[in-house]
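Here is the structure we will look at, set down as C-alpha cells.
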Amino acid sequence: MPPYELALILRGTLARPEVAQALKKGCQNLLSNGSVVRKIENLGQRELPYYMRAHNTIHKEGHYFLLNFDSPVESLKPIKQGFKEHRDVVRAGLERTDQVLQKPCLDGPCQFGEIPDPLHEKRIYRQKVTKRLAKTYGKFSLNLKWK
C-alpha cells in the first residue's frame, strides 16, 4: 500500500471534544476503507487564508490536522467522498507521498549542520584576509599559526 498524506481542515467553531469526535470519525472513515493510519499531527487553530464555503456555510477559521496513512489505491475515491460528506470538514486535501517516514540517523552518523573540520572557518577567514591584503599591498604572505 502506498503512503498518503491528508491535510484536513475542520470547522473553527468546534469545541475541543467536538474536534476530537470529528477527527475520530475521519479516522474511522480511513480504517473502514482498509487504510492504516500512521501519524496524526495537530497544527492548531488558525484563521483561514481566505473565506471557504462548505455545506452552505462560510468559514473564517479552522482546525488544521495532518494525517499520514497507507491505503490501497482502489479505496481513495470512497475516502474522498466520505470526507466531502462529513459536516465538520471544511477541506480535505489528499496527496501521495513517496517519502517513507523513518527515524533520523539510521543509516550513518548524524551531522545536524555542524562543520566536520573545526579549523575550516579559520582557513576561510585566513584566505579572505590574505586576498584583501594582497589587493591593498601587492604580493603579501600571511604567516599565522592557528592553535
> Of the non-hydrogen atoms in Pro3 and Asp70, which two are nearest, and what is the gap between them?
Replying inline: CA-OD1, 3.3 Å

> Can you name the closest pair of heavy atoms from Asn29 and Pro78 and give their distance?
Replying inline: OD1-O, 4.2 Å

Once rounded to the nearest 0.5 Å, what's the spacing between atom [atom1] of [X] and atom [atom2] of [Y]?
{"X": "Lys25", "Y": "Leu23", "atom1": "NZ", "atom2": "CG", "answer": "13.0 Å"}
{"X": "Phe69", "Y": "Lys39", "atom1": "CZ", "atom2": "NZ", "answer": "14.5 Å"}
{"X": "Arg38", "Y": "Leu67", "atom1": "CZ", "atom2": "CG", "answer": "13.5 Å"}
{"X": "Glu5", "Y": "Glu95", "atom1": "CD", "atom2": "CD", "answer": "6.5 Å"}

Between [Y] and [X], is there a side-chain heavy-atom distance shorter than 4.5 Å?
{"X": "Glu18", "Y": "Asp88", "answer": "no"}
{"X": "Val19", "Y": "Gln45", "answer": "no"}
{"X": "Ile9", "Y": "Val89", "answer": "no"}
{"X": "Thr13", "Y": "Glu61", "answer": "no"}
{"X": "Thr97", "Y": "Asn68", "answer": "no"}
{"X": "Tyr4", "Y": "Ile79", "answer": "no"}
{"X": "Leu6", "Y": "Phe83", "answer": "yes"}
{"X": "Met1", "Y": "Val36", "answer": "yes"}

> What do the steps show when you test Ser71 against Leu30 for side-chain contact (heavy atoms from CB on, under 4.5 Å), and what is the final call?
Replying inline: CA-CA 8 Å; Ser71 176; Leu30 291 171; over 6 Å; no

Shared ILVMFWY cluster between [X] and [Y], side chains joined below 4.5 angstrom?
{"X": "Leu66", "Y": "Tyr64", "result": "yes"}
{"X": "Leu48", "Y": "Leu10", "result": "no"}
{"X": "Leu43", "Y": "Tyr50", "result": "yes"}
{"X": "Leu94", "Y": "Phe65", "result": "yes"}
{"X": "Leu14", "Y": "Ile58", "result": "no"}

>> With a 3.5 Å distance limit and no angle check, can you tell me whether His55 reaches the backbone of His86 through a side-chain donor-acceptor pair?
In response: yes

> Is it true that atom CZ of Arg132 has more than 12 heavy atoms of other residues, nucleotides or ligands lying nearer than 6.0 Å?
Replying inline: no

> Does atom CD of Gln21 have more than 12 heavy-atom neighbours, drawn from other residues, nucleotides or ligands, at distances under 6.0 Å?
Replying inline: no

>> Testing Glu85, Lys77, Lys84 one by one against Gln81 for a side-chain hydrogen bond (donor to acceptor under 3.5 Å, both in side chains), which residue passes?
In response: Glu85

